[in-house]
Amino acid sequence: MNWQSDSNGIETTFAPVLEQWYELHKRDLPWRHTLDPYAIWLSEIILQQTRVAQGKPYYERFVTTYPTVADMARADERELLRLWQGLGYYSRARNLHQTARYVTEKLSGKFPDTYHELLKMKGIGNYTAAAIASFAFGERVPVVDGNVYRVLSRVFGIDEDITTTTAKKTFATLAMRLIQTANDPATYNQAIMEFGAIHCTPVAPDCLLCPIQQQCVAYLTGRQHRLPVKSKKAPVRERYFNYLVFRNEGRLALRERTARDIWQNLYDFYLLETDEPKTALRDIPLSDPVAQVVDQSVPAALPVESMQLLSHQRIRARFYLIDVPDELINSLPIDLQWYLPVEISNLPKPVLITNYLDQQFG
DNA sequence: AACACGGGGAC
DNA sequence: GTCCCAGTGTT
């Protein structure tokens, strides 16, 4: 079937029907009670690639801690990252801070109020610009997120691979046409995402109670479980992290991660990554300052093993707790610094590190 | 165009 | 185990 022909009239009824469905079924979420572009922006950044249930408590904490964009602009980046800890994709937090400062200092605290101006901000792409522009300012521009790909691919029977550029263009064009018939662009955008999130779900969509069942190409052809089409991702990379946890007088040596890698600007311990799993400290090749220190130090505990699963990596970590004699505490690599437990608790850390600290010392 | 970037929840 | 989430930035 060629969806462009609109042979069953769905193109003109789609938006109003979804808006009607939304008014009946929408969830009560905190960011739906505000028109403040700052709060809406904050919620949209948090919700990027993040489920509502996971993001909601973070949103509450952020709006409480930083009620205005000026409050966030004033914040220490480390404190902001600490609040973000556990949410993942930490570049979102760094971009959040950068944009808060830009809006406060260069735009006199006034958020950009059009799709095209919003798009210029760090961390705001097509989706988020459309979301803020429509929710806060009523601009008639369609959001296209994972929910929208799923709903549109099913209703209109589009089987293009949604990871390709041409497919993205197809969906964007269709979405732009559909929003023209909406009674209210903000309501419609909320509606199509909410519909995808709680009704037209990835597995087990509720087709039997669907308001557009008889207009849905996927349902009518039994293809709802095969749409959207999405080509497979690369297999997860296996990584082996050997952490040397240096301790002295109750303090631990940590360093900020600065490399172009995961967990940028978060803190962890001295790390030796190996291509294969190593089960003993003596099997790990150590370079000089550290090798000296390890030789003259005392293993303080059995190694702790831990695994962290990311979308794209599986990290198998071993932590070697090592007591360092006083005379060697200044011999360690310069990027390592000694922190008291109370200081460590205030540093932003990957979940892998937090879990280890709980296990070893908690 | 392809890839990197977290963590968790649902099945 | 698999999928994928109110995506964006870089190469």
Side-chain angles (χ1 to χ4, degrees), chain A residues 22 26-27 29-32 40-59 81 84-96 98-99 118-135 142-151 161-169 171-172 175 186 188-198 200-205 225-226 228-237 239 257 259-266 307-315 348-355:
Chain A
Y22 178 69
K26 64 180 175 186
R27 293 167 291 181
L29 300 172
W31 46 86
R32 289 183 174 161
I40 291 169
W41 165 67
L42 175 58
S43 73
E44 292 303 336
I45 301 298
I46 288 175
L47 291 171
Q48 286 169 6
Q49 292 292 285
T50 304
R51 290 176 190 279
V52 164
Q54 187 188 3
K56 192 169 154 185
Y58 284 85
Y59 174 81
L81 273 169
W84 195 271
Q85 181 173 297
L87 247 197
Y89 286 154
Y90 296 92
S91 65
R92 289 184 295 172
R94 299 192 299 270
N95 290 336
L96 203 60
Q98 184 177 333
T99 292
L118 286 160
L119 209 44
K120 297 176 182 172
M121 303 294 113
K122 258 290 174 27
I124 298 183
N126 277 316
Y127 163 76
T128 305
I132 301 171
S134 62
F135 300 161
V143 294
V144 183
D145 74 335
N147 292 304
V148 174
Y149 284 125
R150 184 168 55 258
V151 172
D161 180 346
I162 63 171
T163 63
T164 65
T165 305
T166 55
K168 288 185 192 348
K169 197 174 299 180
F171 284 94
Y188 166 70
N189 276 338
Q190 296 271 13
I192 188 169
M193 290 193 290
E194 188 78 340
F195 186 69
I198 68 180
C200 192
T201 48
V203 290
H225 299 288
R226 303 192 56 83
V229 174
K230 190 177 190 177
S231 59
K232 293 201 195 305
K233 298 168 293 190
V236 301
R237 178 157 69 118
R239 301 179 74 174
R257 295 177 60 88
R260 303 161 49 81
D261 197 354
I262 54 173
W263 304 328
Q264 207 177 93
N265 295 24
L266 275 61
M307 194 184 73
Q308 174 77 37
L309 219 49
L310 311 180
S311 303
H312 42 292
Q313 301 181 20
R314 176 163 57 199
I315 297 167
K349 301 170 290 295
V351 164
L352 178 71
I353 300 301
T354 305
N355 286 347

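Lettering of chains follows the sequences in order, A, B, ..., and the numbering in each one begins at 1.
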* Asked: How does each nucleotide of nucleotides 1-11 of chain C score, in 5' to 3' order, for protein heavy atoms under 4.0 Å: base (B), sugar-phosphate only (S), or none (-)?
  -> S-SBBBBSSSS
* Asked: How close or far is atom P of B:dA2 from atom CD1 of A:I162, stated in whole angstroms?
  ->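 Taking atom P of B:dA2 as the reference, CD1 of A:I162 is at 14 Å.
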* **Within-4.5 Å side-chain heavy-atom neighbours: A:W41 and A:L96** =>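 Side-chain contact under 4.5 Å: yes.
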* Asked: Taking CD from A:Q264 and C1' from B:dC5, how many angstroms apart are they, rounded to a whole number?
  ->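 Value for this atom pair: 10 Å.
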* Asked: So, A:R92 versus A:T50: side-chain donor-acceptor pair below 3.5 Å or not?
  ->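 The criterion, which ignores hydrogens and geometry beyond distance, is satisfied for A:T50 and A:R92.
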* Asked: Over how many whole Å does the gap from A:D261 atom CG to B:dC3 atom P extend?
  ->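 Result: 17 Å.
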* To do: Starting from P on B:dG9, measure out to OH on A:Y58 and report it in whole angstrom.
  =>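 Interatomic distance, OH of A:Y58 to P of B:dG9: 10 Å.
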* Is the A:Y58-A:W84 ring centre distance short of 6.0 angstrom? ->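 That pair fails the under 6.0 Å test.
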* When you compare B:dG8 with C:dT8, how far apart are their P atoms, in angstrom units rounded to a whole number? ->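 Here B:dG8 and C:dT8 have their P atoms 22 Å from each other.
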* To do: Rounded off to whole Å, could you give me the CG-to-C1' distance for the A:L310 and B:dG7 pair?
  =>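 The distance from CG of A:L310 to C1' of B:dG7 comes to 7 Å, rounded to the nearest Å.
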* To do: For nucleotides B:dC5 and C:dC4, find the distance between their C1' atoms and express it as a whole number of Å.
  =>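 Per the computed distance, 15 Å lies between those C1' atoms.
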* To do: Starting at atom NE2 of A:H312, determine the distance to atom P of B:dA2, rounded to an integer number of angstrom.
  =>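 Whole-Å distance recorded here is 19 Å.
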* **Residue pair A:L352 / A:I315: nearest heavy atoms and the distance that separates them** =>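 Shortest heavy-atom separation between A:L352 and A:I315 comes out as CD2-CG2, 4.3 Å.
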* Test item: side-chain donor near acceptor, A:S91 and A:Q264, under 3.5 Å ->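 There is no such pair (donor and acceptor under 3.5 Å, judged by atom type) between the side chains of A:S91 and A:Q264.
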* For the residue pair A:F195 and A:Y22, is the inter-centroid distance of their aromatic rings smaller than 6.0 Å? ->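 Ring centroids of A:F195 and A:Y22 are no less than 6.0 Å from each other.
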